[in-house]
Q: 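Here it is, the structure in full.
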Number of protein chains: 2
Amino acid sequence: MTARGVFTRHGLRHTRQRQAIYEALAATKEHPTADELFRMVSPRTPGLSLATVYNTLEAFCEVGLAMRIASTSNGKRGTGSARYDATVDNHLHLRCQQTGAVIDVPDELSQRLLDRIPSELLAELEAKLGFKVEQVQIEFVGCFDGGHTKA
Amino acid sequence: MTARGVFTRHGLRHTRQRQAIYEALAATKEHPTADELFRMVSPRTPGLSLATVYNTLEAFCEVGLAMRIASTSNGKRGTGSARYDATVDNHLHLRCQQTGAVIDVPDELSQRLLDRIPSELLAELEAKLGFKVEQVQIEFVGCFDGGHTKA
DNA sequence: GTACGTGCAAAATGTTTGCATCATT
DNA sequence: AATGATGCAAACATTTTGCACGTAC
């Protein structure tokens, strides 16, 4: 499916900027922040502005083309930036405590864990608490041996 | 255990402010933001400043007395504030998509799900990816029937 | 008495918005 | 032509920090 097609199907206009941002986000297995994405895409997209990256990512999230991943901390103390993920189906994340980097758990492992979540449990949550679960987010927080962040 | 004792054991000095903040955080099942906590505690703690609430919460997180919970969004678009949780053992959270509120999943349900995470799976993660898991964070994102946020 | 915590206001992020202009439909 | 996207700069919200003072040990 062409990027243009993806946008149209989701009711978004096609622009150079959106295409570049979408391609970059879909291509990486890391989960870049808006700023990282800006720096990745900017050289190939003259005149791109950071605000557009934010707006575009927000638009993607609204139509379900991307997901925002919150950050507890960016390595040291403090709040980090949001990260974005073009993979929309449920999957697990690994978050590095030191750097704040987030990468995917390999599909096979993700699936094995997700398969073990009993659906009665979700049903019970809905029944007991009146809460409709739309999405399950699972994250393993820890660190890479030696502190590097690439898998 | 007296609050003073808890602090001492964790190498923190005891102050009126810290005690008040800790008590408030430990007493609630909701997971307040720094600002919410400030407004809860402030009336009973003359001259408390928001900066102290932030500093204190950060100190608590560092010694393991509290946890920071990141927020993807605060209901509508945008970044919300971090939330804090005095319950340190692994448990699950419910996050309301509309309001950003976070509450705990009842222990019984939490435990049932956590028990189903095979420990070989964690071992495999460590072996295959060289990632040491310190903490598992699980969150159900969705909404309460009717959009209210109290359980 | 010393080291650490506090309060204030100012700085540092990270993110959103108003508005004029430009591109897509 | 009309609607919506972009870019810039300014506004915003959240969190952190520098410094003078106060307090716990």
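Just so we're on the same page: letters track the sequence lines, and every chain starts at 1. Keep in mind it's a predicted model, so treat the numbers as computed, not measured. Worth knowing before you read on, the calculation uses all heavy atoms, side chains too, and leaves out hydrogens, waters and symmetry mates.
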Q: Which nucleotide sits closest to the side chain of B:Leu48: C:dT15, C:dG7, C:dG5?
A: C:dG7

Q: Of A:Thr8 and A:Tyr84, whose nearest nucleotide on DNA chain C comes first from the 5' end?
A: A:Tyr84

Q: Please say which of A:Val105, A:Ile69, A:Ile103 ends up in a side-chain contact (heavy atoms from CB on, under 4.5 Å) with A:His93.
A: A:Ile69

Q: Tell me the interatomic distance from B:Leu37, atom CG, to D:dT14, atom C1', rounded to whole angstroms.
A: 15 Å

Q: Is B:Glu36 reaching over with its side chain to a backbone N or O of B:Thr33, donor-acceptor style, under 3.5 angstrom?
A: yes

Q: Please give, in whole Å, the distance from C:dT17 C1' to A:Asn55 CG?
A: 9 Å

Q: Would you indicate which nucleotide in D:dT6, D:dT15, C:dT16 comes nearest to any side-chain atom of A:Thr52?
A: D:dT6

Q: Specify the residue among B:His14 and B:Ala34 whose closest nucleotide of DNA chain D lies further upstream toward the 5′ end.
A: B:Ala34

Q: Below the 4.0 Å mark, does D:dA24 have OP1 or OP2 next to a side-chain nitrogen or oxygen of B:Thr15?
A: no

Q: Among D:dT15, D:dT6, C:dG14, find the nucleotide with the atom closest to the side chain of A:Thr56.
A: D:dT6

Q: Compare side-chain N and O positions of A:Arg4 against OP1 and OP2 of C:dT25 and report whether any pair is under 4.0 Å apart.
A: yes

Q: Does B:Tyr54 put a side-chain nitrogen or oxygen below 4.0 Å from OP1 or OP2 of D:dT15?
A: yes

Q: B:Phe38 has an atom CZ; how far is it from atom P of D:dT14, in whole Å?
A: 14 Å

Q: Hey, is A:Arg112 close enough to B:Glu124 for a salt bridge, meaning N to O under 4.0 Å?
A: yes

Q: In whole angstrom, what separates B:Gln19's CD from D:dA24's C1'?
A: 14 Å

Q: Kindly say if A:Ser49 contacts the phosphate of D:dC8, meaning a side-chain N or O under 4.0 Å from OP1 or OP2.
A: no

Q: Base, sugar-phosphate alone, or nothing: which one does B:Arg16 contact when heavy atoms must sit under 4.0 Å apart?
A: nothing

Q: From CZ of B:Phe7 over to P of C:dG5, roughly how many Å is that when rounded to an integer?
A: 11 Å

Q: Map B:Ala51 and A:Gln17 onto DNA chain D by nearest heavy atom, then report which one ends up closer to the 5' terminus.
A: A:Gln17

Q: Take atom CZ of A:Arg18 and atom C1' of D:dT6, then tell me their distance rounded to the nearest Å.
A: 10 Å

Q: Is A:Glu108 paired with B:Lys128 through a side-chain N to carboxylate O contact shorter than 4.0 Å?
A: yes

Q: Could you give the CG-to-P distance, from A:Leu50 to D:dA10, as a whole number of Å?
A: 16 Å

Q: Using modelled atom types only, decide if a donor and an acceptor are shared between the side chain of A:His14 and the backbone of A:Leu12 within a distance under 3.5 Å.
A: no

Q: May I have the distance from A:Leu12 (atom CG) to D:dT6 (atom P), rounded to whole angstrom?
A: 10 Å

Q: Using a distance-only criterion (donor-acceptor N/O pair, under 3.5 Å, no hydrogens), is the base of C:dA3 paired with the side chain of B:Arg13?
A: yes

